[in-house]
**Q** 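This is the structure I want to talk about, given as C-alpha cells.
None of these values were measured; they are calculated from a predicted model.
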Amino acid sequence: VGLRYDYTPPYTDVDHRVRNFDVTTMHLTAPGARLYTPDRDNVAPRFGFTYDVRGNGRSVLRGGYGYYYGLYTPVSAETLLIANAPGTTLLTRTEDPTLQYPLASLAAGVSNPPTRRATDPKREDNYSRQVTVNLQQQLGASTAVTIGYVGIRSRYNVRTRPLNLIDPATGQRPNPEFSQILFAESSGSAAYDGLQLLISRRFSNGLAFNANYAYSRLMDDIVSPQNP
C-alpha cells in the first residue's frame, strides 16, 4: 500500500517569451502571466498484493491498482512559444489558390494573419487508473506459464480543438484577424484492456526461452480534427 502526491507549478520563462492566448479576449496574455491555474489535488493511491494460491509456491496470484498522473510537459510550453511567436502564420491554398512550391521570397514579410495556440487556463493534469492481475503457474522444474489482465482508464487527456476553421463555402476564416487557432484542453479519455500470456522455460548453461502474446484493445477520443 502506498500514497503519492504530484505537484508541478506552471512553467515560467525568465525572458517572458512564453505567453498563452486568451480565447475570451482574443489577445495574448501579458508577458510573465501565469499560463494556467495549477492542479493541486493529484493524490495517487497505490495497492498491490501477492497470494500463494496452494501454499506450495507453484501457483501465485499477483495484482495491483493505482492512480498515475501525467504532468504538463515542457514540450507543451515550447509549442506555445513557437505558435505564438511574432510572425508565425499558416499559408493554405484554400485561402490563396496561387500558393505553390517553391515559395517566393518572404524577406519582405507576409500580410497573412498570425496563428495562435491556447492552453486552457483551467486545465487539469491527466491521470490514469491502472489495474493488473496475473496468475503464474509453475509446470515441472523449469517451465512457468503466466496469464494476466491489464486495464487502464485515463481521463483529462489533452486534446487540441481548432477554433478558426476555414469555411468551405467562402474559403475564409470566421475571424479574419487570425489564421489557425488551436485550443488545448483536458477533455480526452481513453480505455485499454489487454490479455497477456507468457511462457518461460529455463535451460542448462544459463539459457532461457520466453514466448509472449498479448490481445488488447484501445479506444480513445483524443485524436482531434486538425483541418487548417
Side-chain angles (χ1 to χ4, degrees), residues 1-9 11 36-77 79 119-120 122-161 182-226:
V1 177
L3 185 66
R4 177 187 174 103
Y5 176 74
D6 290 303
Y7 171 74
T8 299
Y11 286 94
Y36 55 86
T37 302
D39 196 347
R40 302 179 185 273
D41 59 355
N42 297 343
V43 178
R46 311 285 171 84
F47 170 76
F49 72 90
T50 300
Y51 176 64
D52 189 345
V53 178
R54 299 182 178 179
N56 57 8
R58 298 177 63 87
S59 301
V60 180
L61 181 67
R62 298 182 178 90
Y65 175 83
Y67 270 68
Y68 300 85
Y69 283 90
L71 307 180
Y72 191 77
T73 59
V75 70
S76 298
T79 303
T119 291
D120 186 353
K122 298 181 180 180
R123 63 171 296 279
E124 300 276 353
D125 290 330
N126 76 297
Y127 69 88
S128 63
R129 301 190 303 264
Q130 301 183 21
V131 58
T132 60
V133 179
N134 67 70
L135 177 64
Q136 184 180 59
Q137 178 65 49
Q138 183 174 346
L139 303 176
S142 56
T143 303
V145 176
T146 304
I147 184 170
Y149 165 78
V150 176
I152 302 175
R153 300 292 183 271
S154 63
R155 298 294 182 269
Y156 297 137
N157 298 324
V158 176
R159 303 177 69 207
T160 53
R161 179 161 52 93
L182 291 179
F183 183 67
E185 58 186 4
S186 305
S187 61
S189 61
Y192 173 85
D193 296 283
L195 182 66
Q196 301 175 342
L197 177 66
L198 166 65
I199 300 175
S200 59
R201 181 176 178 84
R202 298 187 303 273
F203 296 94
S204 58
N205 300 321
L207 297 177
F209 170 80
N210 292 322
N212 296 271
Y213 176 79
Y215 179 78
S216 62
R217 181 184 68 171
L218 171 64
M219 300 180 66
D220 68 63
D221 58 4
I222 299 174
V223 178
S224 305
Q226 295 296 321

**Q** Which atom names give the shortest non-hydrogen contact between A190 and R155, and what distance separates them?
**A**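 So the minimum-distance heavy-atom pair works out to O-NH1, 3.5 Å.
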
**Q** What closest approach, in Å, do F47 and V1 show between heavy atoms, and which atom pair accounts for it?
**A**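 Scanning both residues completely, I find the closest heavy atoms to be CD1-CG2, 3.8 Å.
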
**Q** Flag the pair D39 / T8 as yes when at least one side-chain heavy-atom distance between them is below 4.5 Å, and no otherwise.
**A**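 Side chain of D39 against side chain of T8, heavy atoms only: no contact under 4.5 Å found.
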
**Q** Quick one: does any side-chain atom of Q138 pair with a main-chain N or O of G140 as donor and acceptor, under 3.5 Å?
**A**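 Such a contact is found between Q138 side chain and G140 backbone.
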
**Q** Is there a side-chain contact between T119 and Y72, using heavy atoms and a 4.5 Å cut-off?
**A**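 Yes. Closest side-chain heavy atoms under 4.5 Å.
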
**Q** Regarding T143 and R201, do their side chains bring together a donor and an acceptor under 3.5 Å, going by distance alone?
**A**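 On atom types as modelled, these side chains qualify, holding a pair under 3.5 Å.
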
**Q** Do N42 and L71 have side chains that get closer than 4.5 Å, going by heavy atoms?
**A**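 Side-chain contact under 4.5 Å: yes.
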
**Q** Verify, without hydrogens or angle tests, whether D52 (side chain) and G57 (backbone) share a donor-acceptor contact under 3.5 angstrom.
**A**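 Answer holds: yes.
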
**Q** When rounded to the nearest 0.5 angstrom, what is the spacing between CG in L135 and OH in Y51?
**A**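 Atom-to-atom, L135:CG and Y51:OH are 11.5 Å apart.
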
**Q** Could you walk me through whether Q196 and N134 pass the side chain to side chain contact (heavy atoms under 4.5 Å, CB included) check?
**A** CA-CA 9 Å; Q196 301 175 342; N134 67 70; over 6 Å; no

**Q** If you compare all heavy atoms of N210 against all heavy atoms of S200, which two are closest, and at what distance to 0.1 Å?
**A**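 Scanning both residues, the minimum pair turns out to be OD1-CB, 2.9 Å.
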
**Q** Output yes when a side-chain donor or acceptor of D221 lies under 3.5 Å from a complementary backbone atom of S189, and no otherwise.
**A**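 Yes, D221 side chain to S189 backbone: donor-acceptor pair under 3.5 Å.
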
**Q** So for atom CZ, which belongs to R4, do other residues, nucleotides or ligands contribute more than 12 heavy atoms lying within a distance under 6.0 Å?
**A**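 Counting neighbours around CZ of R4, 12 or fewer heavy atoms of other residues, nucleotides or ligands fall under 6.0 Å, so no.
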
**Q** When rounded to the nearest 0.5 angstrom, what distance separates CD in Q137 from CD1 in I199?
**A**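 Separation between the atoms: 12.5 Å.
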
**Q** Begin with the C-alpha distance, continue with both residues' side-chain angles, and end with the deciding distance and a verdict on side chain to side chain contact (heavy atoms under 4.5 Å, CB included) for T50 and V60.
**A** CA-CA 7 Å; T50 300; V60 180; 3.6 Å; yes

**Q** Could you state the interatomic distance from CZ (R217) to OH (Y192), rounded to the nearest 0.5 Å?
**A**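 If we round to the nearest 0.5 Å, R217:CZ and Y192:OH are 11.5 Å apart.
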
**Q** For the atom pair OG (S128) and CZ (R153), what is the distance rounded to the nearest 0.5 Å?
**A**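 One gets 11.0 Å once the value is rounded to the nearest 0.5 Å.
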
**Q** Under a 4.5 Å cut-off applied to non-hydrogen side-chain atoms, are L61 and F49 in contact?
**A**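 Contact flag for L61/F49 side chains = yes.
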
**Q** Rounded to the nearest 0.5 Å, how far does OH of Y149 lie from OG1 of T132?
**A**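 Reported value, rounded in 0.5 Å steps: 10.5 Å.
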
**Q** Heavy atoms, side chains only, cut-off 4.5 Å: are Y68 and R46 in contact?
**A**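 A side-chain contact exists here, since the closest heavy-atom pair is under 4.5 Å.
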
**Q** Quick one: are Y36 and D120 in side-chain contact, heavy atoms under 4.5 Å?
**A**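 No; the side chains remain at least 4.5 Å from each other.
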
**Q** Parallel, tilted or perpendicular: which fits the ring planes of Y65 and Y67, with parallel below 30° and perpendicular above 60°?
**A**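 The rings of Y65 and Y67 stand perpendicular, inter-plane angle above 60°.
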
**Q** Do L218 and I152 pass the side chain to side chain contact (heavy atoms under 4.5 Å, CB included) test, and can you show the C-alpha distance, the side-chain angles, and the key distance before you say yes or no?
**A** CA-CA 9 Å; L218 171 64; I152 302 175; over 6 Å; no

**Q** For N56 and R58, indicate whether the former's side chain and the latter's backbone hold a donor-acceptor pair under 3.5 Å.
**A**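 Indeed, once roles are kept as given, a pair shorter than 3.5 Å links the two residues.
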
**Q** For F209, look at atom CZ and say whether over 12 heavy atoms of other residues, nucleotides or ligands are found less than 6.0 Å away.
**A**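 For F209, atom CZ is not crowded (no more than 12 foreign heavy atoms under 6.0 Å).
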
**Q** Is any side-chain heavy atom of S142 closer than 4.5 Å to one of F203?
**A**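 F203 does not reach S142 side chain to side chain.
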
**Q** I'd like to know if R40 and D125 make a salt bridge, using a cut-off of under 4.0 Å between side-chain N and carboxylate O.
**A**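 Between D125 and R40 there is no salt bridge, as every charged N stays at least 4.0 Å from the carboxylate O atoms.
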
**Q** So, for V158 and A184, which heavy atoms are closest and what is the spacing to 0.1 Å?
**A**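 Looking at all heavy atoms of both residues, the shortest contact is CG1-CB, 4.3 Å.
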
**Q** Would you say the side chain of D220 lies within less than 4.5 Å of the side chain of N157, judging by non-hydrogen atoms?
**A**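 Sidechains of D220 and N157: no contact.
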
**Q** Between Y69 and D6, which heavy-atom pair has the shortest distance, and what is it?
**A**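 Heavy atoms only, the tightest pair is CB-OD2, 4.0 Å.
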
**Q** Between S186 and R123, what is the shortest heavy-atom contact and its length?
**A**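 For S186 versus R123, the nearest heavy atoms are OG-CB, 3.5 Å.
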
**Q** Any sub-3.5 Å donor-acceptor pair from R202's side-chain atoms to A141's backbone N or O?
**A**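 Looks like yes, one N/O pair under 3.5 Å.
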
**Q** Should the pair Y127 and Y156 be assigned to parallel (<30°), tilted (30 to 60°) or perpendicular (>60°) ring geometry?
**A**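 The rings of Y127 and Y156 stand perpendicular, inter-plane angle above 60°.
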
